[in-house]
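Just below is one structure, and these are the notes that go with it.
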4 protein chains.
Amino acid sequence: MGIRVAVAGASGYAGGELLRLVAGHPELDLVAATAHAQAGQPVSAVHPQLTGLDLVLAATEPATLADADLVFLALPHGASAALAAALPETVRVVDLGADHRLRDADGWARYYGGPHAGAWTYGLPELPGQRAAIAAAHRVANTGCYAVATTLALAPLIAAGAVFPADVVVVAASGTSGAGRAAKAHLIGSEVMGDLSPYRVGAHQHVPEIKQATGATGLSFTPVLAPMPRGILATVTAVPVGDTDPHEVLAQAYADAPFVHVLPEGTWPHTAATAGSNSCHLQATVDTDSGRVIVVSAIDNLGKGAAGQAVQNANLMLGLPETTGLSAFGVAP
Amino acid sequence: MGIRVAVAGASGYAGGELLRLVAGHPELDLVAATAHAQAGQPVSAVHPQLTGLDLVLAATEPATLADADLVFLALPHGASAALAAALPETVRVVDLGADHRLRDADGWARYYGGPHAGAWTYGLPELPGQRAAIAAAHRVANTGCYAVATTLALAPLIAAGAVFPADVVVVAASGTSGAGRAAKAHLIGSEVMGDLSPYRVGAHQHVPEIKQATGATGLSFTPVLAPMPRGILATVTAVPVGDTDPHEVLAQAYADAPFVHVLPEGTWPHTAATAGSNSCHLQATVDTDSGRVIVVSAIDNLGKGAAGQAVQNANLMLGLPETTGLSAFGVAP
Amino acid sequence: MGIRVAVAGASGYAGGELLRLVAGHPELDLVAATAHAQAGQPVSAVHPQLTGLDLVLAATEPATLADADLVFLALPHGASAALAAALPETVRVVDLGADHRLRDADGWARYYGGPHAGAWTYGLPELPGQRAAIAAAHRVANTGCYAVATTLALAPLIAAGAVFPADVVVVAASGTSGAGRAAKAHLIGSEVMGDLSPYRVGAHQHVPEIKQATGATGLSFTPVLAPMPRGILATVTAVPVGDTDPHEVLAQAYADAPFVHVLPEGTWPHTAATAGSNSCHLQATVDTDSGRVIVVSAIDNLGKGAAGQAVQNANLMLGLPETTGLSAFGVAP
Amino acid sequence: MGIRVAVAGASGYAGGELLRLVAGHPELDLVAATAHAQAGQPVSAVHPQLTGLDLVLAATEPATLADADLVFLALPHGASAALAAALPETVRVVDLGADHRLRDADGWARYYGGPHAGAWTYGLPELPGQRAAIAAAHRVANTGCYAVATTLALAPLIAAGAVFPADVVVVAASGTSGAGRAAKAHLIGSEVMGDLSPYRVGAHQHVPEIKQATGATGLSFTPVLAPMPRGILATVTAVPVGDTDPHEVLAQAYADAPFVHVLPEGTWPHTAATAGSNSCHLQATVDTDSGRVIVVSAIDNLGKGAAGQAVQNANLMLGLPETTGLSAFGVAP
């Protein structure tokens, strides 16, 4: 008899990936999956890739979830705070949404609106001291997908004093699953195939989270929608302090991290190599012309950027080896 | 200490998928991976998605492979026969190439040329009696990717006398990984994205294999290259005999097959739902206008069409549960 | 001062392509473009590729259109009949919808439902005698996209007695723009990229049109959605009568057709070569195993399959050279 | 009888697009197209999208080209200088390659190597004074594709003193046709679909050209290969001087440019809207967090980035209206 796990918000893309990971996890038992409009449907009708998983989506109610040892919340922002509050303290919760990430209530108000639910333990195990914090927590706020890619690239450099925190420029492109599963006209295949499309330029809601997680004090962040289902490629540039080798800083920071790979010098990350995995690939150099440090980071937005990271956090919270039920290897081509 | 496994031809796409599956398999130990031009390189340089797999590609020599308990051959056609002959009888071999599939030497001569190496046990466990035959064999010829998709759709209908074997029409589209990893001008991304391209129309080398495996006696087979990395969608039509329900025939044939899913009526297979998995999805109907039976089949050409199937065969040969180390669930979106 | 042209239903994909073609046409003046939900918006807000075209979408009212010399109707099926009836007889009309294609009221009732609006002159100039009929007509029903691809491949062979009309099998894959621009969950990019997905298997509404246009009496037609914005590839097979060379029949049928190219033997059509053009590429052979004739046809579903064809028809109706303002050359890669 | 035009290097992607544009140009006659390995083949065998264009590729010899009034050179870098030197001074030449772009011989030596051929008139008509210079020239060096996208976004801001030239950060993603048509393993479809891949990070050969064309003195430029055939999206950030509105500066700079569209505020460029056209779409804002100016630019790398721009330059050199034979409208979706 394994650890009892439920997934709330199982009809979306992060929810589907959670179901896949939990179903293949040797220590977890999937006891419930809930949805809103699609409650009552078999999982395989909503996620045909899970054909053979014999489970019907329930309605998203606290009673359905309270019986689990651990609950994953994969809900739209604003929805998880109330639901989490209705669950017993003994139930461990990993929230994949944004509700409990920001410590700064003003940042929340500015980009999301509505009441600030308060911050939970931040679910990025690769940050210094965070593994222990997550292991001790019953409530963990999963890192946002863009924030994972950017923070893993940048946080060690700022922490080491290798770059100035005040002038960071990030351009990050994401596959379309990052925009969710809702039927929107600008997301239909005919529009997105063959297209690169920037959005929320100059004012993206992930900026306060990235600043909080990295220590950056000035951040230009431009997200771009790319014609592929999965993957984030973040190009992070900053002004160096002194001549510390950024590659060396990153290599040391992640020497013991099973899912963060600083590639051999000269090899650059690309998203397809991380698809379907929980890995982050990193590389850094100093630009010959501008002298800026350039770090490139690649993840699967549904893997290390969402569901994979959530399972990694759950493993830590449950006292399991961090890598249980997760793969560092991507599905390519 | 697990079962010792080697992969010959590890630099191609099927080889890479084999490495991923073997590395994640709980009973198999990957002891060697070999290649030709890329021998000497780390696996992760050739397959960046396997970053973290600490292994260097060896040259493809019998001595490197003879020490394994089981060897997967993922070589170009014509190359595996000689290599297999140099391995001890005690070493189990699964050949993903075409060399040992055809019982008919003439069919071999006509489409492939060169000497016919002779047929091995045919590696499609879902055919009647084939599980036991594979379990008893030390040499198994993996089914070709198009043949898997077509045979699983058609063989039970012909065996049940539900369709005439003499007038079968198949149009099957494959993702580009089915065309291999060699640098060819017509395969570069600029050419294949946004394009559907038929090839070898009227004379495809998979025809004799499909006829042998399905019992079809007349087969029109048109393959099409589709703008996606993975997946085969086969549309199979045949003339019914009497009014047997084709859906029912298929459902019965695969009632106990863990990787073949006959979908609920009205739900049609699509390739993305099988990507990254070892599953085959099937659906059938009778066309309202022509009266022909239409069966649609979807697989991942690198999964059930190659590496997944090969591991399934290896499991059977080694006395392991058929599903060990494999997933029926796809990676979507 | 050119010929005054209006486009009704200009907000969809066929409508957008019509605007592009009319704007670049040396003899036509675009005087009005209408839409439903998006009336009031600038064309460039709805079709960013037409940035620089200074026109605001009007509401779709007869009064807005009655002033034009020629009106293109690119409306959902069922909507064009009433609108066309409200236009003066003197206004030439090309209907890109299905309302006036079928001569058979029963076929209409079976697949579309609602009252049958009656058939107009069928807008496929390459059918025998049809150029003259179109030139003489004030009301022309544009051929449907799948019907264009299939009819150009098949009609001459049936007309020449080279194949039996009773056993035709067609599998045709279309780019996603063929499914329209409405926001539907199964059409979002995350779902369609990397996917081949059959739909309406065994009962497609284009069957009666294809039978009417080709003379086929038994037709198995399976449409597949393909991961690309534009293009249709139709694979048409039929049983030969005698040993007429199908390539020769097609070459003769289209010797004088400026937009239908029967390729040199051995060269097969592919969709990307027709993208952005009004061309259809064809090739035929006799299958070595089954003996069936195989014809492959490629078009741009928005070009020869919709807007390009419509302009070609308009040219004929207006006494202009058939090729005016159209290109036989595709935009590739 | 039109102006006689020849295209050298017609077998590549820029060459194919040139042939398409010249064939559709009302004032130009295509008298010769040349290639290297593919000399002797019909154009339609090399560019199936040009089926119907009745021309055979000749070998690339000065004698074949010297007879033309204007020659387009679409050759690998290093190849055009010698060929151009062998053409009579009276023959107008537009070089799409890099050989004659850089005024700085050191910059050439550093990134390209080999002897520096000397700079020609720079072929970006939208730069101040450049239309007249191009009209007066017999030798014009077409702007590189990344340089077009970046320069149109940045040059007016630096010229107006609205941003500091010393700290410019550019991340630009390009479709795969920008990487050429050679068969390379990392460019095959299975590798590029679903992938974003940075390359030449920290040391790209376009840096000196962009600095020369924009006036930037410090430039961090990171190019990324994107999974689409065409299009460049450049995200350009710089530090503002004072509080000049960057949108206003760009709108004024391009008020009379027929192919450069500064979009309405709030609307951001995306590549698909420029595909197949000679347009550049621009938008600018000031980032709320960092205060940096962000400008986004979209072009078709084969259109405004190569062949379209070349025809625009040719029009100017020949005294034709700048827009002749070109379209500002894209082919979408």
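Chain letters run A, B, ... following the sequence lines, proteins first and then strands; every chain starts at 1. Quick note: numbers below take in every heavy atom, side chains included, and nothing from hydrogens, waters or symmetry partners.
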Contact origin within I294(C) toward chain B - heavy atom pairs under 4.5 Å: side chain
Between T274(B) and chain C, which part of the residue has a heavy atom less than 4.5 Å away: side chain, backbone, both or neither? neither
Looking only at G266(B), P227(B), G218(B), G231(B), most heavy-atom pairs under 4.5 Å shared with chain C are made by P227(B)
Turns out that what part of V171(B) lies under 4.5 Å from chain C's heavy atoms comes down to side chain
To the nearest 0.5 Å, what is the distance between CG on D289(C) and NE2 on H204(B)? 13.0 Å
Does any N or O in the side chain of S197(B) come within less than 3.5 Å of the main-chain N or O of H270(C), such that one atom is a donor and the other an acceptor? no
Contact part of T288(B) toward chain C, heavy-atom cut-off under 4.5 Å: side chain, backbone, both or neither? both
Using non-hydrogen atoms and a 4.5 Å limit, figure out which bit of T285(B) sits close to chain C: side chain, backbone, both or neither. side chain
Considering only heavy atoms and a distance below 4.5 Å, find which of V224(B), V296(B), D167(B) pairs most often with chain C. D167(B)
Any L233(C) side-chain heavy atom under 4.5 Å of P198(B) side chain: yes
Contact class of S190(C) relative to chain B, heavy atoms under 4.5 angstrom: both
Looking at R292(B), is its backbone amide N or carbonyl O close enough to the side chain of S220(C) to form a donor-acceptor pair, meaning the two atoms are under 3.5 Å apart? no
Counting only non-hydrogen atoms closer than 4.5 Å, does R200(B) touch chain C with its backbone (N, CA, C, O), its side chain (CB onward), both, or neither? neither
Between A203(C) and chain B, with a heavy-atom cut-off of 4.5 Å, which part of the residue counts as in contact: side chain, backbone, both or neither? both
Side chain to side chain contact (heavy atoms under 4.5 Å, CB included), that's the test. Do V192(B) and M228(C) meet it? Break it down for me. CA-CA 10 Å; V192(B) 301; M228(C) 55 193 203; over 6 Å; no
